[in-house]
Amino acid sequence: MLIPCPWCGPRDEAEFHYGGQAHVAYPADPAALSDAEWARYLFFRDNPKGPFAERWSHAAGCRRWFNVVRDTATNEIHAVYRAGGQRPVSP
Amino acid sequence: MTGERPSPPARFEPVSDGDLRIAEVPFRTQVNLRLDPGGPAAGDIGRALGVPLPAEPGTYGSADVDVLWLGPDEWLVVGEPGRERELETRLRDAAGTGHVAVTDVSAQRTTLLVAGPKARDLLAHGCALDLHPRVFGPGRCAQTMLARAQVLLVARDGDEFMVLVRPSFAGYLVAWLLDAAAEYVSGQPG
Amino acid sequence: MTRQPFRRDGHRGETLRFRFDGRDYEGYRGDTLAAALLANGVRAVATSVRLGRPRGVFAAWTEEPNALVQIEHPFPEPMLQATTVELYDGLVARGLPGKGRLSGEADPARHDGVYAHCDVLVVGAGPAGLSAALSAAGSGARVVLADDRPVPGGSLPDTAETVDGLPGAEWAAAALAELDGHPEVRVLARTGVLGYYDDNYLVAVERRGERASSRERLWRIRARRVVLATGAHERSVAFAGNDRPGVMLASAARAYVNRYGVLPGRRAVVFTANDSAYAAARDLAAAGVEVAAVVDVRRGGGRSWDGSEVLAGHLVTGVDGPDGVSSVTVSPDPGGGPAGGREIEADLLLVSGGWNPVVHLFGQAGGRLRYDERLGALLPAATRQAVEVAGAARGLSTLGRCLADGAAAGARAAEAAGFRAGRRPAARAEDVAAAPAEHVWLVPAADYRGHFVDLQRDVTVADVMRATGAGLRSVEHVKRYTTAGTAHDQGKTSGLLTSGVVAHLLGVDVAELGTTTFRAPYVPVSFATLAGRDRGALHDPVRVTPLHGWHVARGALFENIGQWKRPRYYPRAGEDMPTAVLRECAAVRRGAGAMDVSTLGKIDLQGPDAAELLDRLYTGMMSTLPVGAIRYGVMCRPDGTVFDDGTVTRLAQDRFLATTTTGNAAAVLDWMEEWLQTEWPSLRVYCTSVTEQWATVALAGPGSRAVLAGLAPGLAVDGASFPFMTWRDARVADIEARVCRISFSGELAYEINVSAWDGLALWEAVQGSGAVTPYGTETMHVLRAEKGYPIVGQDTDGTVTPADLGLGWALSGKKADYVGKRSHARPGDLRPDRKHLVGLLPDDPDRLLPEGAHLVATARLPEPPVPALGHVTSSYRSAALGRTFALALVSGGRERVGERLYVPVGAEQVPVTVTRHVLYDPEGARRDG
Ligand SMILES: [Zn+2]
């Protein structure tokens, strides 16, 4: 798989580290969360067959984290956008 | 210490064949630079270096130093051996009070020269990047993998590449390069 | 006079000698082993894997299911297809009796790999592939043409058809010469593409031979566009005795007479459902093979045929001759079985059940296939990848159309890659109209145990019936139940036949069944080729510090920590490891020792928010650390478990140096960047790895102060001037250094950091002081364990929290949050039965517990399941304690101090007493010397 780093361009997947689901923000005030809410943040992630917004880091290159919308069934990459960016509307 | 340095990190008999040269270029000055390219310090530092910080990923600029793009807020300033102090000071002075990280990393990588008409073929044994001159010609650099080592690969004029590698990996990488080079050095089966 | 009785008259060549199954033969250069065996009349080549039936050559190239051989020389290689092994002088081989066997010795041959990039990759150098490459090359695009055969042309040398008025093989050679003239074109002969992965990444194996710099080369090709011109394989029909030696694909027989000048038999029967076998019959007849009859499934027969009798509307219902065909029984369709048939004497039976376009790579690429009723074949349909399929691979059956199709596909591919293809005219050939084919999968019979669908796996129609009878409806399930299509040949000749038989048995259309999934490798590949040069010393990088040469020279034995080689201990003459380690431990506790700790990860943090970042990532408070001071720190994951530990040194108000464990250096830097970039981008701090910028020497023991004072006369080393957990800049051995007063042994100790370039000079100066014993990781482990200091990754796993390790003091209560803090308040983290790090003292002070051993409460093991209380994480002999000891994670361990527990070792229950985890100098009196 080629992953298009927003900075370096397409590179072999072996240069990247996977960071799991994107847009799972660290809670602003963890102490204010119930045990169940905190467990949800820690342990619960989506696992769709199809487009999935996920985080990647160009570990062997520019060391930037960024987001990718990848189809988990086909590895097709629908969108690449910077960390902190909004997930683009699906095509 | 200002006295003699130890032997170079990679330590090997250089290859010098018509089509291929491999040698170590040790002890070059390297200063890591991190700052916001849109901030006020970027211009001042570019002027102090005599070359603007390259904004295009995977490129480098040259004055009396090379300034290599490592990331959108990170560059490596590379100069002749022995200039650590001078460059660090020059960069810090130019940075002023701005949020700029200047770090001497001269010993963090050593440099291997791989040059000659067969250099690209040799590197292609372990580098997944497209090294065709149209794609990765002089002026381009990339952090990537060469065999199983992370490297900073720099393309220069005349089929010359600089391979910057952590010294701890240098022994491995040199062994790998020399092994791969066997077929390109005259007298070996092709 | 040739000694090859089945060689075609007039066919000559350079004679090569070879040995097969212990007998000597001759063949010609250019033969495959299969061709040479046929030329010598060898019919039975191998024995089938399950039923032990004799098998002969069935095909002429990679689709061969039967003729598996083992090469004995120059190196034993099992499971090769005789149809693809190029004959060479001195070849020694034998037919495989079922399975092959790997050599017990390492293969001394070199294998390597290389990356390649191109605008257009053409797979296959047959008529379509050559045409595609020629039109793409004309555009100036970078073209790679990969073909698995030794000579270009695909089937042209098999069929002897003409192109542009030239014999096909000559046209192919001229095309290749033209391609060689393009500077941006690379032609890879003998290079089979075996895998097609995401984003047009294809992997191919080039067979380079024994005289090349590597025997085989793995090509990893990234192509902007791909043209698959992979041709088609003929398929068989399931009938009784269709596995006998002498039963052969019609196209293969044609290849043997035309390409190799070999007669696969003397008297042939042709069994076909289409016209292509007539061309084979014609070529065989021209070569001197008597064609006894053409048995055509179609009631109307085929195109005009002036040869022997055509039995239209007939089927082959039986084959006689266990070691080779001696007669063929034919019956009108629907036949009654062998009894009602007519027997025709023959030693060769050509079969053509139709053609399967080679869609394997297209399927691997994620392309969808559709069943074409008219062609009776699976054709490429939709795909996401940038690929074109050309020629016979997409169902075209005539040469002229394949040539034109390839040329168009090559031009389209080049244009899609951004090049302007020239108007190079496509090559031409005369096409002959053919009668429509029929699709017959099996010949009806009462007993299907001799109707083979997969010759390599010995799967018969009876086996498939058992699968469908058991209720299996999907071809994927039938494949797994019967193993059909799972052999080295990947079901090239059997895949669709199996589907056709299943469809027949279930009474459904083949189109409804779909196909099995195509997976790499398309052709077999050896592990040696996949490994390439990543073996021996190059298998995995060995990382060494600047002091490594010294360690080696002093006879150190090394421990692997990740990719690093670290000295484990430095044995003196006659010492084993326990003796050496006891000596090194005693030297540090009584005098002074030095250790190379350069491998520790080091991260330079700069910026006004550096302290804030460290406060968030470490469990302790770092922002209150004064400049000049050092603090121990633990990092947790959000789930509260220990991720890493190390020290944080404040170099300036807005500059820190954090150290990490050796194995986690890269992970911790990535961790910091991850939080900074994804969660806290507003924090103004930059992290830079300086792990290898610095060489670090640990100097430990009550004598270390005097050693340091001697090396650094300008440095005030007394306890008041240079207190514990502070650092000083100094010149040590006249080298610019940063000296940190920290200890991982409980003794008075320093870590001296210098430029990596000066590391060896510093180390030699320290050793030259005469009072210092070099020590390795084993001694370090013992010393820290005596003090109860855990090692992340040895005394921890992914479940252990700082509190479990007795590091509750390192958790800040003042900070509102740090990564992991919320988890430390979860009920599970507060349970009293959590496993705590404790010490263990075996009753027998000489007894060394095995690390990893379990702990139980009772002197006699109860019936399983045995409740385990925990396990031993570290175990050593201690010079300071004069006995053995261990660290362990034990459920509720801190409440068990003084308790007797047992460690089952083999049949024995070893009694131990639980102690606090700090066994040596619990008051910490020794750290000030
Ligand atoms: Zn990148």
Side-chain angles (χ1 to χ4, degrees), chain A residues 1-29 51-91, chain B residues 32-38 53-60 67-76 101 103 105 108-109 123-132 134-137 139-155 163-166 168-169 172-173 176:
Chain A
M1 184 167 58
L2 279 181
I3 297 175
C5 171
W7 305 102
C8 306
R11 294 283 187 99
D12 195 276
E13 62 181 292
E15 293 195 359
F16 297 83
H17 285 172
Y18 187 59
Q21 184 173 354
H23 310 298
V24 182
Y26 186 74
D29 184 4
F52 185 46
E54 58 195 18
R55 307 184 314 150
W56 288 86
S57 158
H58 191 190
C62 65
R63 303 198 296 127
R64 291 300 102 180
W65 282 89
F66 56 94
N67 297 323
V68 166
V69 178
R70 180 182 63 100
D71 189 309
T72 57
T74 64
N75 278 341
E76 201 170 357
I77 290 177
H78 295 301
V80 177
Y81 52 106
R82 292 179 187 179
Q86 290 284 313
R87 176 177 174 162
V89 180
S90 295
Chain B
N32 195 276
L33 185 61
R34 296 196 67 174
L35 64 127
D36 175 2
L53 299 176
E56 191 191 335
T59 64
Y60 67 94
V67 184
L68 289 78
W69 187 95
L70 297 183
D73 62 3
E74 186 169 15
W75 294 265
L76 188 70
T103 315
V105 290
Q108 175 85 350
R109 297 181 186 88
L123 295 171
H125 281 270
C127 179
L129 294 189
D130 187 353
L131 301 177
H132 192 279
R134 283 207 293 259
V135 181
F136 199 80
R140 299 216 69 95
C141 62
Q143 295 182 89
T144 187
M145 302 295 292
L146 179 58
R148 292 172 183 253
Q150 273 189 37
V151 296
L152 171 53
L153 191 62
V154 185
V163 182
L164 281 70
V165 63
R166 295 280 191 98
S168 65
F169 281 97
Y172 158 78
L173 192 63
W176 184 92

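Side chains are part of it too, since the values below use all heavy atoms of this structure and drop only hydrogens, waters and symmetry mates. Lettering of chains follows the sequences in order, A, B, ..., and the numbering in each one begins at 1.
The nearest pair of heavy atoms linking A:Arg64 to B:Pro72 is CD-CG, 3.4 Å. The two residues B:Trp69 and A:Cys62 make their nearest non-hydrogen contact at CH2-CB, 4.0 Å.
Interface remark: B:Asp73 contributes side-chain atoms only to the contact with chain A (heavy atom separation under 4.5 Å). Residue contact with chain B, scored on non-hydrogen atoms closer than 4.5 Å, involves the backbone of A:Ala59 exclusively. Neither the backbone nor the side chain of B:Leu152 comes within contact range of chain A; no heavy atoms are under 4.5 Å apart.
Around NE2 of A:His17, the count of heavy atoms belonging to other residues, nucleotides or ligands within 6.0 Å does not exceed 12.
Counting heavy-atom pairs closer than 4.5 Å to chain A, the top-ranked of the candidates B:Thr144, B:Val151, B:Leu70 is B:Thr144.
Separating the CD atom in B:Gln143 from the NE2 atom in A:His58 is a distance of 8.0 Å, to the nearest 0.5 Å.
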